[in-house]
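Taking it in order: structure first as structure tokens, then the write-up.
Note that the coordinates shown come from a computational prediction; the quantities given were computed from them, not determined experimentally.
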Amino acid sequence: MLQSPTSAAGAAAQTVGLMLADSRLPSGGHVSSSGLEPALMAGMGRDQVEEYMLVRARTAALTDAGAAAVIRHGLLEAGQNESGQSSAELLTRTERAWAARTPSRAARQIASELGRGLLRLATSLWPDAAILRQLGTAPSRPVVMGAVAAHAQLEAEELVRLVVYDDAAAAAAALLKLDPGDPAEAMILVLQTCASVEDRVAGVAALTEPSDIPSSAAVQMEDWIEHHAHTTRRLFRA
Amino acid sequence: MPETATTSPAEAAPAAKDRALRLGIAGPVGTGKSSLIASVCRALSEELRLGVITNDIYTDEDARFLRSAGVLDPERIRPIETGACPHTAIRDDVTANLMAAEDIERDFAPLDVVLIESGGDNLTATFSPALVDAQIFVLDVAGGGDVARKGGPGIGRADLLVVNKTDLAPHVGVDVEQMVADATEAREGRAVLALSRTDEGSVSALRQWVLTVLAAHRAGEHIPQDPGPMAPHFHADEDHPDGGYVHSHA
Ligand SMILES: Nc1nc2c(ncn2[C@@H]2O[C@H](COP(=O)(O)OP(=O)(O)OP(=O)(O)O)[C@@H](O)[C@H]2O)c(=O)[nH]1
Ligand SMILES: [Mg+2]
């Protein structure tokens, strides 16, 4: 058994970003397929996976990325002004704005469980991080991503790419479990998906207002996730 | 959306000995893990405050089975869905299980023991010591008399090895005594218990084992052990001059 390490301080921002993007990150994330299993189980064809991932990126993933960016910006600002009050308000408003853009209760539930898992890990890594202690009990995952980015000094654009990548990579990994094919193809899908929203990265990264978080929702996708929550014989929670 | 109220994870966790004993139950599919938990609940729910967490790949079937067994307040039995990675959820990424353990311990504080059933995966799945304080590995006689001898991390080094369903032994041509002797040898003397839910004496031995581990846990004398990810092997070790020292690489 190794000695308990004492501090995670001093990691470069990019290193933290890499860690967050790593599917091996022990924060409970392996139960998500980014909605792909719900889609396949609902009868979406294998030949539509590519399209699915592209739609997912510019809807749910950008909504998540926008919420994360707003949180990052707001918490960094509040840190400079020492305004604890306003950051609490920002957190609430952002959670609400994100929830309003994520109509499926099941999708929100899983995001909140994943957020809690990530926050648990983050507070163990950085027990003294004031930013993380403001987050309350079960913030959704994008909110925690934004807060970790603020704490680790991750750039806004890096954060947006990270959220989009994380979502796509989870879908690709799930695809390899659910309907295995050439693994290289799955990775091509990930890169292609990320590239497809590259022209949106700067704009989403610059967001500061919860009301400006992208609000394109893929209603069919949310409906599949909602339905999936009530099925059995599934390998993923969502 | 915070749909469930939870304590801030920043709050310092109590020392292990001051919280419930977390007891893992692992073993191959169908060997009787849920039934063993039901037996423990039946035998101890009068004197101990218990909670149960089940890990299922697909559904909440184990939790439903235990709830319907009526051995514990259904609220105290909580399912976790491990998805495609039941192994991961009890070993390399225990996040969901730890959160569930913390939740149930808080919601029904104080609890004495939280029993955690693994999602029956395979012969090699064992719990991380970061999740459970002690673990029981369950085999059954129907799996054949040779299984115990063949070994594996759970069989070799779980805190207790249960050879279950001994009532079936005559029907499957297994010599229970031999199986227990083989297991004891494979385990280098660690505890082995021949169990059948229909044999009261064996259930009370199980009850006694749980109470003994709980007492050691409370006294701060019980140190969680990792059965290891793979078969044991020996290293010459200066700290253990009288022979090799069994360990596994975590
Ligand atoms: N004869 C006999 N059958 C038992 C005993 N214990 C359990 N069983 C039976 O074995 C079967 C499996 O029992 P469970 O307790 O569901 O086993 P499990 O290990 O929890 O199964 P999974 O969670 O599916 O891996 C059931 O049909 C039980 O009734 C026993 O002591 N004797
Ligand atoms: Mg079971």
Value for CE (B:Met99) from CZ (A:Arg116), rounded to nearest 0.5 Å, stands at 5.0 Å

Region of A:Leu25 in contact with chain B, defined by heavy-atom distances below 4.5 Å = backbone

B:Glu75, CD: over 12 other non-hydrogen atoms inside 6.0 angstrom | no

Considering all heavy atoms of both residues, which atom of A:Val31 and which atom of B:Glu81 are nearest to each other, and what is their separation?
-> CG1-O, 3.9 Å

What's the spacing between A:Leu121 CG and B:Leu98 CG if we round to 0.5 Å?
-> 11.5 Å

Interatomic spacing from OG1 in B:Thr95 to CG in A:Leu114 - rounded to 0.5 Å = 10.0 Å

Using a cut-off of 6.0 Å, state whether more than 12 heavy atoms not belonging to A:Leu18 lie near its atom CG.
-> yes

Can you tell which part of B:Gln225 gets under 4.5 Å to a heavy atom of chain A, answering side chain, backbone, both or neither?
-> neither

Could I get the full list of ring-ring contact (aromatic ring centres under 6.0 Å, His included) partners for B:Trp209, not counting sequence neighbours?
-> none

Distance in Å, B:Thr88 OG1 paired with A:Arg24 CZ, rounded so as to fall on 0.5 Å steps = 12.5 Å

Among A:Ser33, A:Ala174, A:Ala129, A:Pro26, single out the residue with the greatest number of heavy-atom pairs under 4.5 Å to chain B.
-> A:Pro26

Which pairs with one or both residues in residues 36-46 of chain A pass side chain to side chain donor-acceptor pair (under 3.5 Å), sequence neighbours excluded?
-> A:Glu37-A:His228, A:Arg46-A:Asp179

